[in-house]
Amino acid sequence: MELKKISDRIYYLTAEEETDRPVLGYVKGNKYSLAIDAGNSAKHVEKFYFELHKANLKLPDYTVITHWHWDHTFGMHAAAGKTIAGHETNNKLKEVMTWKWSAADMKARLETGKDIELCDRCIKIEYPNREDIKVISADIEFKGSVTLALGGIHCEIMETKAPHSEDSVLIYIPEEKTIFIGDADCEDYYDNNGQYDKEKLQAFIELIKGIEFNTYVLGHDEPQTKHEVITYLADELRKLHR
Ligand SMILES: [Zn+2]
């Protein structure tokens with residue numbers, strides 16, 4: 001994992017496959033800075049902050065969450081400053097806060113479909129001691145959208161239904177023509193068997209087309225251009241029509 005620079009204002013820590021650690025974003029305003037996603041554990045957050053420190057970037061004043069999945073949220077308790085989540089994400093986090101982490105509890109969730117194989121496997125690797133798992137809800141909750149003025153730069157944070165998860169939140173930085181989408185454009189592994197829902201994918205492509213950006217930052221991959229992402233998603237949509 002390394003910190004990569006998109007511009008003087010925007011950075012991200014690369015993803016790591018072994019325990020499904022997602023990309024963590026960083027937006028630097030003149031006054032405040034914002035992190036995007038809290039990662040999957042306190043250790044993941046520590047790694048991120050270590051890299052920020054090395055790059056002479058201050059700790060985030062805010063951390064916004066792209067969706068409720070464990071790999072993006074289980075580091076929230078270790079985040080500096082305030083955490084922000086959409087209403088839907090926060091509701092789901094309040095449910096996950098009640099989950100227990102014994103082998104029997106985890107197995108039961110797999111059987112009822114409340115959790116999925118990939119997460120179950122990665123959680124066990126990230127947390128050799130599952131007593132260390134701490135789930136919290138966000139300090140600040142919004143509905144619809146909210147704009148943060150970070151000083152010389154803005155972040156438009158918006159709830160949207162997306163193919164990957166009903167509670168998806170996008171973070172758009174107009175001055176930098178950059179958008180962070182978390183996993184929003186991926187298939188749904190919880191409620192749709194790892195498949196795309198045609199209507200949701202179509203609606204998401206239309207939404208993205210209407211936003212002016214050059215850099216599209218994904219949750220588990222390298223950033224893409226607008227052309228690359230639209231081409232890819234339109235292709236996936238075509239496959240569903242066949
Ligand atoms: Zn996800």
Side-chain angles (χ1 to χ4, degrees), residues 1 12-25 35-41 43-45 48 63-77 79 83-97 99 101 106 109-110 112-127 133-138 141 157-172 179-197 200-201 203-205 207-208 216-224 229 232-233 236:
M1 285 190 293
Y12 69 97
L13 187 72
T14 53
E16 195 189 76
E17 221 170 301
E18 198 204 354
T19 60
D20 212 24
R21 285 179 172 180
V23 161
L24 301 179
I36 292 141
D37 276 332
N40 69 359
S41 65
K43 278 191 195 136
H44 191 191
V45 175
F48 183 37
T63 297
V64 62
I65 303 302
T66 60
H67 62 301
W68 69 272
H69 293 165
W70 83 281
D71 46 327
H72 301 256
T73 56
F74 281 17
M76 284 170 75
H77 68 93
T83 51
I84 306 174
H87 170 74
E88 302 269 344
T89 302
N90 231 19
N91 280 349
K92 190 66 194 186
L93 285 172
K94 284 171 194 164
E95 183 197 324
V96 179
M97 279 164 75
W99 288 8
W101 299 98
M106 290 180 77
R109 279 198 297 276
L110 283 184
T112 56
K114 275 196 159 191
D115 211 345
I116 57 172
E117 206 70 58
L118 171 71
C119 297
D120 186 82
R121 190 174 65 239
C122 291
I123 287 170
K124 286 173 181 161
I125 307 170
E126 180 70 31
Y127 290 96
I133 297 176
K134 283 193 199 87
V135 186
I136 62 164
S137 54
E141 178 182 309
I157 303 172
M158 47 201 147
E159 285 189 303
T160 178
K161 295 203 184 319
H164 183 64
S165 183
E166 287 285 304
D167 69 323
S168 294
V169 165
L170 310 181
I171 296 93
Y172 176 51
I179 189 163
F180 286 83
I181 62 127
D183 304 343
D185 73 358
C186 298
E187 301 90 333
D188 186 344
Y189 290 92
Y190 277 87
D191 297 318
N192 205 29
N193 297 316
Q195 307 277 325
Y196 275 123
D197 174 277
K200 286 184 193 167
L201 180 57
F204 188 77
I205 294 171
L207 174 77
I208 288 296
Y216 180 87
V217 189
L218 292 137
H220 294 271
D221 216 330
E222 294 295 312
Q224 296 186 352
V229 58
Y232 170 75
L233 293 177
E236 290 297 307

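Numbering of ligands and ligand atoms starts at 1, following listing order.
At most 12 heavy atoms of other shown residues, nucleotides or ligands fall within 6.0 angstrom of atom NZ in K114.
Side-chain atoms of Y232 and D185 include no donor-acceptor pair closer than 3.5 Å. For H44 and D71, the side-chain atoms include no donor-acceptor pair closer than 3.5 Å.
Using bins of under 30°, 30° to 60° and over 60° for the plane-to-plane angle, the ring pair H72/H67 lands in the tilted bin.
Around the Zn ion (ligand 1), the protein contributes the following N, O or S atoms at distances under 2.8 Å: H67 NE2, H69 ND1, H164 NE2, D183 OD2.
In this view, E141 and H87, N90 satisfy the side chain to side chain donor-acceptor pair (under 3.5 Å) rule, not counting sequence neighbours.
Ionic pairing of K92 and E166 is not present here: no N-O contact between side-chain nitrogen and carboxylate oxygen is shorter than 4.0 angstrom.
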